[in-house]
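Take a look at the structure set out below.
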Amino acid sequence: MSAPVFDPTGLEPRSATDEQRASGPLARTPEGTWVVLGHAEAMEVAGDHDSYSSAVSRFLQVPNGLDGVEHTAIRAATDHFFGPEEMAAFEPVLRDVARDLVEELTADVGPAGTEVDAVAAIGAVFAVRAQTAWLGWPAELEPQLLQWMVDNHEASRSRDLARTAEVAERFDALIRSVIRPRRAAGAHAPDDVTNRLIHQRVELPDPEVPDSTERSLRDEEIVSILRNWTGGDLGSIALCVGVLLTAMSTRPQLAERLRHGTYEEAVAIVDELLRIDSPFVSNRRVTTCPVTLAGQEIAQGERLLIHWTSANRDERTFPSPDEFDPAANTPHNLVYGTGKHVCPGRPLATLELVVALQELLAVVEVAPAETPGEREIAPVGGWAHAPVVLIPRT
């Protein structure tokens, strides 16, 4: 039995895959890429690191594009940047960032409220300010980063590889402009996440040092890590804020729970809303050997797309995909992936989203806007534009 043909290009990921799953958990694009739509199948592919390689890009991608010992060593050397102590220390700074933005958004708002785009006016600006504060980057980079987000989004939508490469190189150049002065400053460089990453050691042999078991991160690796941390986070956080505030505008009871509940309850609410409508659409893999998946024989060297948005709405795991039920669904939620390549930045992304919502909802009600929203299309999910009305709380 051959897999059904499914071309996600130009389609809204959620509704398109909801329809496609009726034909089975596995499909194939006209170009031959396998699309993994089912939850069990996504778990199988993401969990089998030997049969399905993450080394799929023509560009260096550290750590998510690495496999085996190299991936394990890089994750061991960098995951601590997202550890509990680091996140606890950053939370007060992040709350200040959120409060300042909320003050700007509500400075001249009358009793009737004001309409804003939750993606562009709130999510994107907050993402840039939060990320630069965490990394220790100059606040003056905000306009460049906001423009890069727009350009990167348009390049991704265009599917033009040359355009995508140009935008990626521009971002790498921005990262190198941050690294260079820290290298030059030596011991006088600021003690921030970026400088600590520059001096991070990794347990991998140094080809230039005989019998070595540890080395420094190379500049190209540092650039790639910062691109992974920052480039991926900026657009994703903006889209997540759009999804979450759109949900808040129609579910005021959830807004109340976020205002008065525990941090753990807020995390559960955020994760469940993102399961229902996930902007984190997909990750790629390539087979290292012949495999059988969902009854299909797949040869070595075949490319696959793990479609997280679809897997998180698979009726075999979530009988009512749109039903809000964190208690039942949290154990199966794949918003941040699973397996060894699970998103390393999940603790930071979660903290950013919870803090942004808590600080905004502390001073405003969020209501639906008259202006209709616009959904994203593949390879991105969520809302392209998410108009909501911010109304001062009395």
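In this chain, numbering begins with 1 at the start of the sequence shown. All values derive from a computational prediction rather than experimental measurement.
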Original post:
Roughly how far, to the nearest 0.5 Å, is CH2 of W308 from OG1 of T17?
Top reply: 14.0 Å
Original post:
Same hydrophobic cluster for L234 and Y336, using side-chain heavy-atom links shorter than 4.5 Å among ILVMFWY?
Top reply: yes
**OP:** Could you please spell out the steps behind the side chain to side chain donor-acceptor pair (under 3.5 Å) verdict for T33 and E31?
**Re:** CA-CA 6 Å; T33 297; E31 297 78 25; 5.9 Å; no
Subject >> Pairing of R163 and E154 as salt bridge, 4.0 angstrom limit >> reply: yes
**OP:** Kindly say whether A386 contributes a backbone atom to a donor-acceptor pair with the side chain of T246 at under 3.5 angstrom?
**Re:** no
Original post:
Would you call R375 and D277 a salt bridge, using N to O less than 4.0 angstrom?
Top reply: yes
Original post:
Are any side-chain N or O atoms of T330 and backbone N or O atoms of A327, one a donor and one an acceptor, separated by less than 3.5 Å?
Top reply: no
Original post:
With W148, which residues qualify under ring pair (Phe, Tyr, Trp, His ring centres under 6.0 Å), at least two apart?
Top reply: F171
Subject >> V267/V354 under side-chain contact (heavy atoms from CB on, under 4.5 Å): CA gap, chis, key distance, verdict >> reply: CA-CA 7 Å; V267 171; V354 169; 4.0 Å; yes
Original post:
Can you tell me how far OG1 of T292 sits from CD of E44, rounded to the nearest 0.5 angstrom?
Top reply: 9.0 Å
Subject >> Any residue meeting side-chain contact (heavy atoms from CB on, under 4.5 Å) with T78, in chain and number order, not counting sequence neighbours >> reply: I74, F81, L197, I225, W229
Subject >> Note, W134 side chain near M87 side chain (heavy atom, < 4.5 Å) >> reply: yes
**OP:** Decide yes or no for F280 and T309: does some side-chain heavy atom of the first lie under 4.5 Å from some side-chain heavy atom of the second?
**Re:** no
**OP:** May I ask you to decide whether R170 forms a salt bridge with D151, counting only side-chain N to carboxylate O separations under 4.0 Å?
**Re:** yes
Original post:
Would you call R275 and E272 a salt bridge, using N to O less than 4.0 angstrom?
Top reply: yes
Original post:
Is a side-chain donor-acceptor pair under 3.5 Å present for H80 with Q200?
Top reply: yes
**OP:** Just jot down the side-chain contact (heavy atoms from CB on, under 4.5 Å) partners of R257, sequence neighbours excluded, or say none.
**Re:** L254, E265, I269, F324
**OP:** Answer with yes or no whether the hydrophobic clustering places I377 together with L37; edges join I, L, V, M, F, W, Y residues whose side-chain heavy atoms lie under 4.5 Å apart.
**Re:** no
**OP:** Determine whether more than 12 heavy atoms belonging to other residues, nucleotides or ligands lie under 6.0 Å from atom CD of E142.
**Re:** yes
Subject >> Min side-chain heavy-atom separation F318-I276 under 4.5 Å >> reply: no
Original post:
Between R196 and E86, is there a salt bridge with N-O shorter than 4.0 Å?
Top reply: no
**OP:** First locate atom CG of L141, then atom CG of L146, and finally report the distance between them rounded to the nearest 0.5 Å.
**Re:** 10.5 Å
Original post:
Do any N or O atoms from the side chain of S310 and from the backbone of H307 form a donor-acceptor pair under 3.5 angstrom?
Top reply: no
Original post:
Are side-chain N/O atoms of T194 and D192 paired as donor and acceptor at under 3.5 Å?
Top reply: no
Subject >> Heavy atoms from other residues, nucleotides or ligands near CG of D322 exceed 12 (cutoff 6.0 Å) >> reply: yes
Please tabulate, for the side chains in residues 360-367, all donor-acceptor contacts under 3.5 angstrom to protein atoms that are two or more places apart in sequence or on a different chain.
| unit_1 | atom_1 | unit_2 | atom_2 | d |
| --- | --- | --- | --- | --- |
| E365 | OE1 | R259 | NH2 | 3.1 |
| E365 | OE2 | R393 | NE | 3.3 |

**OP:** Measure the shortest side-chain to side-chain distance between L105 and I122 over non-hydrogen atoms and say whether it is less than 4.5 angstrom.
**Re:** yes
**OP:** Would you check if I175 and W137 make a side-chain contact, meaning some heavy-atom pair closer than 4.5 Å?
**Re:** yes
Original post:
Is M248 reachable from V243 through a run of I, L, V, M, F, W or Y residues, each pair having side-chain heavy atoms under 4.5 Å apart?
Top reply: yes
Original post:
Could you state the interatomic distance from NE2 (H49) to OG1 (T288), rounded to the nearest 0.5 Å?
Top reply: 12.0 Å
Original post:
Roughly how far apart are H188 NE2 and R182 CZ, rounded to 0.5 Å?
Top reply: 15.0 Å
Subject >> Pairing residues for E115 by the side-chain contact (heavy atoms from CB on, under 4.5 Å) criterion, not counting sequence neighbours >> reply: A369, T371, P387, V389
**OP:** Indicate, with yes or no, if L226 and I237 share a hydrophobic cluster defined by side-chain heavy-atom contacts under 4.5 Å among Ile, Leu, Val, Met, Phe, Trp and Tyr.
**Re:** yes
**OP:** Determine whether V125 and E104 make a side-chain contact, defined as any pair of heavy atoms from C-beta on separated by less than 4.5 Å.
**Re:** no
Name each donor-acceptor pair under 3.5 Å that joins a side chain in residues 341-348 to protein atoms two or more places apart or in another chain, with its distance.
| unit_1 | atom_1 | unit_2 | atom_2 | d |
| --- | --- | --- | --- | --- |
| H341 | NE2 | S54 | OG | 3.4 |
| H341 | NE2 | L66 | O | 2.8 |
| R346 | NH2 | D271 | OD2 | 2.9 |

**OP:** For the residue pair L304 and L293, establish whether any side-chain heavy-atom pair is separated by less than 4.5 Å.
**Re:** yes
Original post:
Should we say atom CD of E214 is surrounded by more than 12 heavy atoms from elsewhere, each under 6.0 Å from it?
Top reply: yes
Original post:
Can you check whether P279 reaches V380 side chain to side chain, under 4.5 Å on heavy atoms?
Top reply: no
Subject >> Separation of I222 CD1 from S216 OG (nearest 0.5 Å) >> reply: 8.0 Å
Subject >> Salt bridge flag under 4.0 Å for residues E220 and R227 >> reply: no
